[in-house]
Structure formats: structure tokens, C-alpha cells
Number of protein chains: 2
Amino acid sequence: MKGQDVILGVLLEAPMSGYDIKHYFEKHFPDMFVASFGTIYPTLNRMEKEGLIEKEIVLQEGKPNKNIYHITEIGKEAFHAYIQSPIEPKTIKYDFMMRLVFGRYVSQQQLLEWLKQELHQLKEDLVKLRSQDEDPCDCYCDCQKLALRFGIAIQQAGVTELENIIDEFENFGQKETAF
Amino acid sequence: MKGQDVILGVLLEAPMSGYDIKHYFEKHFPDMFVASFGTIYPTLNRMEKEGLIEKEIVLQEGKPNKNIYHITEIGKEAFHAYIQSPIEPKTIKYDFMMRLVFGRYVSQQQLLEWLKQELHQLKEDLVKLRSQDEDPCDCYCDCQKLALRFGIAIQQAGVTELENIIDEFENFGQKETAF
DNA sequence: AACCACATGTAAGCAGTTACATGATTTT
DNA sequence: AAAATCATGTAACTGCTTACATGTGGTT
């Protein structure tokens, strides 16, 4: 799964600009895929050259022009090649987890700060996912609801466990260093 | 967090070869960090040149020689620079989740297969984590136990939710297409 | 006979990031 | 006056992957 595959997937739903695509990613695929403009724009240009997508320049007043891309037949074929390929194993780079593993090399205060920081982040993400789940504007198909539900379950578990860990830490852990 | 930082972290615990480091990663950091030999060996060579680590060649009989690396003072400083830098946001590339989102473009059979496949994978990973948690040979510090506990909680939630989803799918979902 | 574990390494390539450049409009 | 939103793009770089090369000894 690379940028191209995900871009084709969203263009299958509706024609969009690179700018739109990035915001679509951020809204609908948090914790699934990240892409910066530096990836999206060059990828779109390459895809257009290869005939996977076609550009339509939309003139706007007071705003820069938009390049609206729509998927071609060749693009649809490329998407189906992806969707029928074997699922790639997930890859995670979870710095917070690494910090935990290396926790013995920092102070208890530092560790607690990290825990609280991560909890804050997880909670924020969870709120986003839930609001998306309840939003009737995004007319999700059942599959998208499934993905959302799966994501929420995992996120919720992370929040709960972190809360427990922080609780224990504040009630027992800190004392060990304090005395 | 890049390869170098994690390598320094494990060398802080014990001197190791590149081969050992990879296996250490796989055992202790599943779902946190992945690195292939193609990353590890060149990184180790670069780090040696920069004076972060030092090599000791251990001759072995019947086996190839080993390059055992140990961390230097400069290496320890580099590790502390990492551990005191702000935590990087986690990055995930979760193909399975993407497939779910794009699920409407495939058959119900395909979707169910994906769900079962992912459940199998998650369960396998969970078993690994649990066996590590119970293994007294790896004398973990409290922080490592915390990391493990956090990882297990998330993994367990994924397994449970997927099982529910598959259950519902087999009892209701399939009928819609079958009749 | 084939394959896996042990052990290290190189070369080519790729996907993606960061930082920069441009520039109007709207909000704080 | 400053910052954010809208909108696209390039150039330099980096971190990593894939595939290959090499070779012994033990297992199936």
C-alpha cells in the first residue's frame, strides 16, 4: 500500500484536488495513512503522466486555481491490482512505546510526563474518531463503519490502559523515588 | 526515532552483533519498530565511523565470525540527545484497515477472508507478547513490563473487536448476499 | 537434495520528508 | 500587524527496502 493506491481509492469515490485529498486523508484515515503535500503533488503529477488520472483545472475567484483529478479506466485497473494483492503487514513506528522500553534511563517525572502526554494524544484522536462515527454527513458504507469501529476499539483500549497505568504510577510508583 | 536511536538503546543494555540486534528487535519490539539487515549493517558501519560504537571481532568455529559492538561515551551522549528530544507522533501504515475502508469494492467473501486473516495475525502476535510477558528469562525492568502491558491491552482489544465483527458478519452479513 | 540457521555485507532504487517559494484572502 | 486558510509546486535529502553475493554446518 503506497500513496498511489490510497489516492486512487479516494478518487474512486469522488474527483478531488491534491489539497482536498490531504484533508480527506486526515479526516477519514487518521492512524491508517499519513501523507504530506510533498508526497501528494508529485505523486499526482506522475500518475497523470501515466494516465491513471486526468486533470481538470477549475478557476476560482479570490482563491488559487484548483487541479481537480478524476480517475481513468487505467487508474481503476491499477486500483483493482492493489485491492487484489495480498494484504501487507502493518508497519508501526511508535516512539512513545520505545520511550517506555527505555524508561529506566530517564527520571520518574519524565516518564509520568510522557504517559500523560500520550494519554492526551490518544484521547484527542478518540474524540475525532467518535465524532466521525456519529456524523451523518459522511455517508459511510458498512465497511467504513467497520473500520471506524475497529479503530475506536483499539484506541479506547489504549486510553483505558494508560489511565490505569498513570493511576498506579501516581499512587505507588512515585513514592519509591520520593522516599 | 530512527534505527540508530534504537540500536544505541539496545547496545546500552548489552554488547551485540548486527545479527543479534535484529533478533532482539523481533523479540522485544514487535509492533514498535522493524529493521532489516539492509538497514542494520550499514547503520552499524556508519555509527562505528562516527565513533558512537566500537567493534570487537569474535572468532567462532563452525560459524562465521561475529562483529560484537559496544557503545562508547559519544554513543551514550547521542542516545541521551534522542531520549530527551520530544516524542515523535506514531506513524502507522495499516493496509488491513485501508482494505476495510475500501471494502465496498470487493466481494463479501473477500472481506470475510481479510477479517479472518487479520484476526489470525493479531492472535499470533498476542501469543508472542503474552509469552514474553511470562518469560522470567528476560529480566525486564518495570518500564518494559509497562510497555508490554500497554501493547497487550491494545492487541487484545483488536482481537476481541475483530471476533465480534466476524461473528456478526457470518450471522447477518452473509445472508444479505446469499438471498 | 533441499532448506534453514548462522553471519555480514553491497548496490540500486524508492517512497517519502523537510524546507523552501509563491501569493491572494480571511480571520484574529 | 500577524497568522491562518486556500492552493500548488520543487529540490535536496534520508531512511529504508529489495535483491544479490558469500559460505559453513545442521536439519528434514
Side-chain angles (χ1 to χ4, degrees), chain A residues 1-8 15-27 29 32-50 52-53 55-69 78 82 85-86 88-93 95 98, chain B residues 1-8 15-27 29 32-50 52-53 55-69 78 82 85-86 88-93 95 98:
Chain A
M1 175 192 52
K2 33 194 160 175
Q4 176 178 306
D5 303 318
V6 192
I7 289 174
L8 287 174
M16 262 183 247
S17 70
Y19 195 83
D20 296 335
I21 288 170
K22 179 154 192 264
H23 290 288
Y24 191 97
F25 281 177
E26 279 163 9
K27 189 173 184 197
F29 311 144
M32 266 185 264
F33 192 81
V34 193
S36 61
F37 287 126
T39 311
I40 292 171
Y41 290 125
T43 303
L44 284 170
N45 286 327
R46 198 207 66 224
M47 286 165 74
E48 198 200 356
K49 273 182 208 152
E50 291 173 3
L52 303 170
I53 54 176
K55 178 162 62 180
E56 187 199 341
I57 298 168
V58 176
L59 303 166
Q60 297 188 121
E61 278 178 52
K63 288 181 195 174
N65 296 340
K66 265 191 173 197
N67 299 345
I68 301 289
Y69 293 94
Y82 155 65
S85 70
E88 288 167 36
K90 74 163 170 274
T91 52
I92 310 189
K93 247 178 79 177
D95 197 15
M98 269 300 167
Chain B
M1 176 193 50
K2 34 195 159 172
Q4 177 178 306
D5 303 317
V6 191
I7 288 174
L8 287 174
M16 261 182 247
S17 70
Y19 195 84
D20 296 335
I21 289 171
K22 180 156 190 264
H23 290 288
Y24 191 97
F25 282 178
E26 278 162 10
K27 188 173 184 196
F29 311 144
M32 265 185 264
F33 192 82
V34 194
S36 61
F37 287 127
T39 312
I40 292 171
Y41 290 125
T43 303
L44 284 171
N45 287 326
R46 199 208 64 225
M47 286 166 72
E48 199 200 355
K49 273 183 207 152
E50 291 173 2
L52 303 170
I53 54 175
K55 178 162 63 180
E56 188 200 340
I57 298 168
V58 176
L59 303 166
Q60 297 187 122
E61 277 179 53
K63 289 180 193 174
N65 296 340
K66 267 191 172 195
N67 298 345
I68 301 289
Y69 294 94
Y82 155 66
S85 70
E88 288 166 36
K90 75 163 171 272
T91 53
I92 309 187
K93 248 177 77 176
D95 197 16
M98 269 301 168

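Chain A is the first sequence line, chain B the second, and so forth, proteins listed ahead of strands; every chain is numbered from 1. Keep in mind the model is a prediction, meaning the values are calculated, not measured.
What separates NZ of A:Lys93 from P of D:dG15 is a distance of 9 Å, to the nearest Å. In this structure, the CE atom of A:Met1 is 15 Å from the P atom of D:dT17, given to the nearest Å. Following rounding to the nearest Å, A:Ile68 (CD1) and D:dT8 (C1') show an atom-to-atom distance of 13 Å. Atom C1' of nucleotide D:dT17 and atom NZ of B:Lys22 are separated by 12 Å, given to the nearest angstrom. Rounded to whole Å, the distance from NZ on B:Lys63 to P on D:dG25 is 12 Å. Rounded to an integer number of Å, the gap from B:Leu59 CG to D:dT24 P is 16 Å. Residue B:Phe37 contributes atom CZ, which lies 19 Å from atom P of D:dA21 at whole-angstrom precision. Rounding to whole angstrom units, NZ of residue A:Lys66 and P of D:dT5 are separated by 16 Å.
Position along DNA chain C of the nearest nucleotide to A:Gln4 versus B:Asn45 favours B:Asn45 as the more 5'-ward residue. Taking for each of A:Gly38 and A:Glu61 the nucleotide of DNA chain C with the nearest heavy atom, the 5'-most of the two is the partner of A:Gly38.
Direction of the helix axis in the helix from C:dA1-D:dT28 to C:dT28-D:dA1 shifts by 50° between the two five-pair termini, rounded to 10°.
Using a 4.0 Å heavy-atom distance criterion, A:Thr43 is classed as making no nucleic acid contact. Within the 4.0 angstrom heavy-atom criterion, only backbone atoms of the sugar-phosphate kind lie near A:Gly62; the bases stay farther away.
Proximity of A:Phe25 to A:Ile7: side-chain heavy atoms (C-beta onward) are separated by under 4.5 Å at one or more points. Between B:Val6 and B:Tyr24, every side-chain heavy-atom pair lies at or beyond the 4.5 Å cut-off.
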* To do: Apply side-chain contact (heavy atoms from CB on, under 4.5 Å) to the pair B:Met98 and A:Asp5, showing each step before the final yes or no.
  => CA-CA 10 Å; B:Met98 269 301 168; A:Asp5 303 318; over 6 Å; no
* Show your reasoning for whether side-chain contact (heavy atoms from CB on, under 4.5 Å) applies to B:Asn67 and B:Glu48. => CA-CA 11 Å; B:Asn67 298 345; B:Glu48 199 200 355; over 6 Å; no
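Phosphate contact (OP1/OP2 of D:dC6, side-chain N/O of A:Gln60, threshold under 4.0 Å): absent.
For the pair B:Lys22 and B:Phe37, the cation-pi criterion (under 6.0 Å, within 45° of the ring axis) is fulfilled.
Along DNA chain C, the stretch of nucleotides lying under 4.0 Å from any heavy atom of chain A spans, 5' to 3', C:dA15 to C:dT25.
Contact detail for A:Met47 and A:Leu8: the closest heavy-atom pair is CE-CD2, 3.5 Å. Contact detail for B:Leu44 and B:Gly18: the closest heavy-atom pair is CD1-CA, 3.5 Å. Between B:Pro42 and B:Thr39, the closest heavy-atom pair is CD-O, 3.5 Å. Nearest heavy-atom pair across A:Lys2 and A:Phe33 is C-CZ, 4.1 Å.
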